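This report concerns only the one structure given below.
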Amino acid sequence: MTDNAWIRWPSREALGRAGTSRPRRMLAWAVRLVVLALLLWGAFHQRHVGTWGALAAAATVLVAGLVSWAFFRTTYQHRLVPSLTLIGVLLAIAVAAEATGFRGPALMLWCGCGISALERLPLAAALPVTSVALASYSAFNNDVWLTTAATAAGMALAGYVLRLDAEARGSAQRLLAQERAARAAEAESAALAERARIAREIHDVLAHSLSAQLVHLEAARLLIENGADRDRILERVVAARGMARDGLAETRQALSALRGELTPLEDFLSELVTGTDGAEVTVTGERRPLSAEASQAVRRVAQEALTNVRKHAQGAKVRLRLDYNDHEVTLDVRDSGGPPGELTRSGGGYGLLGMRERAELLGGSLDAGPDEEGFVVTLKVPV
C-alpha cells in the first residue's frame with residue numbers, strides 16, 4: 001500500500017463493517033431505508049407523470065440502489081475504474097431525474113455521491129467526483145445561494161469526517177489483529193518453552209540414571225563372559241536395579257515438578273544424601289519459596305554433583321550448603337577428594353554443562369572446579 005495520501009485507498013478495515021457496533025450498523029441501515037423511502041415517495045408523487053412513469057421512476061430508484069451496492073463492493077475491493085464507472089452511473093441517473101422533473105431524488109443522489117466519494121475513494125479521485133456532484137446540487141437547488149453553499153460545504157465536511165472516522169476504526173481493527181497475533185505468538189512461545197523444560201527434565205533423568213545402569217549391566221556381561229562367580233555378577237545386577245529404582249523416583253520427581261507438586265527443597269536434599277556416608281546438608285538464611293524452574297535447577301545440580309562424587313571420588317566426604325540470600329539462592333557442593341570410582345567412565349561428560357545451561361537460562365551461574373581438597377560445584381540462581 002502506498003504512503004501517498006492522495007492516491008491511497010481507505011483501508012479495507014475502514015471500508016468494511018468489522019468493528020462497527022450493532023447500534024451503529026442499525027442506524028446506517030435506518031438511514032439507507034429512509035433515503036430509499038424518500039426516493040420512492042418522490043417517484044410516486046409527481047403529478048406530471050402517469051402510473052407507468054411512476055413505475056419507471058421506481059424501477060430507476062431500485063437500479064440506483066443496486067448500483068450503490070455495487071459501488072460499495074468495488075471500493076471495498078480497491079478497484080478504481082469500476083468504482084468511478086458506477087458512481088458516474090449514479091450521477092447520470094441524477095441528471096436524468098432532474099431532466100424529467102424528479103428534482104428531489106436528483107438532489108439526494110448528488111449529495112449521496114459527494115459524501116460517498118469522499119468517504120470511500122482515494123482523495124485524488126474523490127475530490128473531482130465530489131466537486132461535480134455538489135456543483136450539480138448547487139446549480140439546481142432552489143434555496144438562496146448562502147444556504148446552498150452552506151449545505152454543500154456541510155456535505156463535503158460530513159464526507160471527510162466519515163472518512164476519518166472509518167480510518168480510525170480501521171486502525172483500531174488492525175491494532176486489535178496485531179494484538180491477537182502477538183498473544184498467539186506469546187502463547188506459542190510459552191508452549192515451546194514448556195516443551196523445552198519438559199525435554200530438559202527428561203534428559204536430566206535419563207543422563208543421571210540410565211548411563212550408570214548401562215555401566216553396571218555391561219560390567220555384569222563381562223563378568224559372565226569371564227566366568228566370574230555368582231555373587232559378583234549378582235552385585236552388579238542389584239546395583240543396576242538400584243539405579244533403575246532411583247531413576248524411576250527421579251522421573252516421579254520430575255513429573256511432580258511439572259505439575260507444581262514439589263517436595264520442600266530442604267527435605268529433598270536430606271533424602272538425596274541418605275545412605276551416603278560422610279554427607280551432610282546445611283541450610284542457612286531465611287527460607288523462601290522458589291519458582292519451579294529454580295527449585296528444579298538446585299535439585300538437578302545437587303544430584304549431578306553427588307553422582308560425580310561417586311564416579312570420581314569414591315568414599316569422599318560431601319558437604320552440601322544451601323544459602324538463601326536477599327536476591328539469590330546458592331548451592332555449594334564440596335567433596336574431600338578420593339580415588340576414582342567404578343563409574344568413572346559412565347556418561348558423556350555433559351552433566352555439568354547441561355546444568356550450567358539451565359542456570360544461565362534462569363539468569364544464574366554455575367561454577368565447577370577443583371579446590372584444595374577435592375571438587376567444588378557452586379550454583380547461584382536468582383530468587
Side-chain angles (χ1 to χ4, degrees), residues 5-10 14-15 27-49 53-54 56-72 74-75 80-167:
W6 288 98
I7 60 177
R8 184 179 65 238
W9 283 88
L15 297 177
L27 178 61
W29 277 108
V31 170
R32 293 169 187 170
L33 291 176
V34 168
V35 171
L36 181 61
L38 289 175
L39 290 174
L40 291 174
W41 182 86
F44 280 103
H45 287 77
Q46 293 290 338
R47 297 180 179 179
H48 67 280
V49 296
T60 304
V61 170
L62 296 178
V63 170
L66 292 175
V67 173
S68 300
W69 175 84
F71 170 76
F72 275 64
T74 55
T75 53
L80 183 59
V81 174
S83 299
L84 292 177
T85 302
L86 290 169
I87 203 166
V89 171
L90 290 174
L91 292 174
I93 292 175
V95 171
E98 172 64 28
T100 54
F102 293 91
R103 174 162 295 180
L107 296 177
M108 294 180 64
L109 282 175
W110 279 322
C111 291
C113 288
I115 294 175
S116 298
L118 272 179
E119 181 185 4
R120 304 184 68 87
L121 289 174
L123 288 177
L127 290 179
V129 173
T130 300
S131 299
V132 171
L134 295 182
S136 301
Y137 166 82
S138 302
F140 292 98
N141 189 25
N142 291 329
D143 293 334
V144 297
W145 70 270
L146 186 59
T147 302
T148 300
T151 302
M155 294 294 177
L157 181 61
Y160 191 66
V161 169
L162 288 174
R163 180 190 188 92
L164 294 180
D165 180 71
E167 283 288 12

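Everything quoted here is computed from the prediction, not taken from an experiment.
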*Among all residues two or more places apart in sequence or in another chain, which pass the side chain to side chain contact (heavy atoms under 4.5 Å, CB included) test with S131?*
none
*With S116, which residues qualify under side chain to side chain donor-acceptor pair (under 3.5 Å), at least two apart?*
none
*Working to the nearest 0.5 Å, report the span between CG of L109 and OG of S68.*
7.0 Å
*For R120 and R163, work out which heavy atoms get closest and say how close.*
N-NH1, 4.5 Å
*Mind checking side chain to side chain contact (heavy atoms under 4.5 Å, CB included) for T130 and listing every partner two or more places apart, or none if nothing turns up?*
A117, L118, L134
_Pairing residues for C111 by the side chain to side chain contact (heavy atoms under 4.5 Å, CB included) criterion, not counting sequence neighbours_ = Y137, M155
Could you pull out all donor-acceptor pairs under 3.5 Å where a side-chain atom in residues 83-91 meets a protein atom, sequence neighbours excluded?
from: S83; atom 1: OG; to: T74; atom 2: OG1; distance (Å): 3.0
from: S83; atom 1: OG; to: T75; atom 2: N; distance (Å): 3.4
from: S83; atom 1: OG; to: R79; atom 2: O; distance (Å): 2.6
from: T85; atom 1: OG1; to: V81; atom 2: O; distance (Å): 2.8

_Using every non-hydrogen atom in the two residues, find where A125 and L80 come nearest and quote the distance to one decimal._
CB-CD1, 4.0 Å
*Quick one: closest heavy-atom pair of I7 and A124, and the distance?*
CG2-CB, 4.3 Å
*How close do P10 and E119 get, heavy atom to heavy atom, and via which atoms?*
CG-O, 3.7 Å
*Mind checking side chain to side chain contact (heavy atoms under 4.5 Å, CB included) for V95 and listing every partner two or more places apart, or none if nothing turns up?*
W110
